[in-house]
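Only one structure is covered here, and it is reproduced in the block below.
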2 protein chains.
Amino acid sequence: MKIGQAAQTTGLSAKSIRYYESLGLVQSERLDNGYRHYSPQCLKELQLVASARQVGFSLEECRSLLMMFNNQECRSIDVKNQVLGKVAQIDQQVQQLTSIRTTLLELAERCIGDESPQCAILQNLTAPQNPMRFTLVEGEQGTENSND
Amino acid sequence: MKIGQAAQTTGLSAKSIRYYESLGLVQSERLDNGYRHYSPQCLKELQLVASARQVGFSLEECRSLLMMFNNQECRSIDVKNQVLGKVAQIDQQVQQLTSIRTTLLELAERCIGDESPQCAILQNLTAPQNPMRFTLVEGEQGTENSND
DNA sequence: CTTGACCTTAACCTTGTGGGAAGGTTTATT
DNA sequence: AATAAACCTTCCCACAAGGTTAAGGTCAAG
């Protein structure tokens, strides 16, 4: 199967498939004319990446899934743990978004919302003090003093 | 105030501040030696961007907020609407994440999770049929037949 | 023989930020 | 005065995860 068909079958774009190959995720054989050729096994690998991407796995996580898929000694508990780890990660994201949402609603509540230019939201956002304390779950935003 | 101080005050990095300026978000005056100088007003603008970023606004959305902040004829209802729009956007994200989470848990449930290499998760993810139907909120993935 | 569909590589665009090079300024210490 | 440290400047590269376009090779049909 050539790349166009593989793309259509998996729902990926041909460009993405080539990109995955350049990252060493899913190899392909080559025909005499240089075209990529995908065996049923490789197609499964592509499908794995496609499905995993849809449920939020990064390409590096897909790499891990692919290794487990291709490893005969793989334990299903490991796969399950990776999935549950992703669930935990999603929970964190949801928590963070929910916290931000609360902050935004608090901001909006303080704003009268009429024709006047006086806006409590802007006043809050431009105030150096009180910098929107919503719980930071992970230290991703925490680069506060890189130049101390 | 020079950029280092401005960075420390706002919690932004000097790099980011320069980047914002290159995008035309927050201008700066220059001292004789070429160093950037920030007036209290400009500092407020930087603070606005910093706070808005923390609650999930993109830089383009920050641009919009800055314009409202600097426009005397700005109506607070517009600011409020922008904030509420962001809330709606977050709601969508949460909904999508929740849907993915459900899918992942369903996958995990089907997996025994022991030492055996037989894994229902991998079987599900590599199956071309049944491609993880979770509701797509927006049509962002819909580039299926670019080579028809 | 040419058109059109398919394939190839390569390069640049995105978003927002970090890292670092190479060099100019200022300040503080020797 | 000299020198080192701490600033500042611009410019380029990198990341994820591809999208888009360019320039060209291959193949089948008309």
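Letters A, B, ... are given to chains in the order of the sequence lines, protein chains preceding strands, and every chain is numbered from 1.
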Task: Test: A:Arg75 and B:Asp114 ion pair at under 4.0 Å - done: no

- [ ] Take the protein atom CD1 of B:Ile17 and the nucleotide atom P of C:dT17, then report the distance between them rounded to whole Å.
- [x] 11 Å

Task: Length of the line joining B:Gln5:CD and C:dT26:C1', which is rounded to integer Å - done: 16 Å

- [ ] Keeping the roles fixed (side chain from B:Lys86, backbone from B:Gly56), state whether a donor-acceptor pair exists under 3.5 Å.
- [x] yes

Open item on the list: With each end axis built from five pairs of C1' atoms, what bend angle do you get for the helix from C:dC1-D:dG30 to C:dT30-D:dA1? Round to 10°.
Closed with: 40°

Task: Candidates C:dC7, D:dT9, D:dC12 - which lies nearest the side chain of B:Lys15 - done: D:dC12

Task: Spacing of A:Glu61 atom CD relative to D:dC15 atom P, expressed in whole Å - done: 18 Å

Task: Rounded distance (Å) that lies between atom C1' of D:dA6 and atom CD of B:Gln8 - done: 13 Å

Task: Closest-nucleotide ordering on DNA chain D, the 5'-leading residue of A:Tyr19 and A:Tyr35 - done: A:Tyr19

Task: Nucleotide of C:dC7, D:dC12, C:dT26 approaching B:Asn33 most closely (side-chain heavy atoms) - done: C:dT26

Task: Modelled atom types, side-chain donor and acceptor of B:Glu106 and B:Asn124, under 3.5 Å - done: no

- [ ] Take atom CZ of A:Arg36 and atom C1' of D:dC27, then tell me their distance rounded to the nearest Å.
- [x] 18 Å

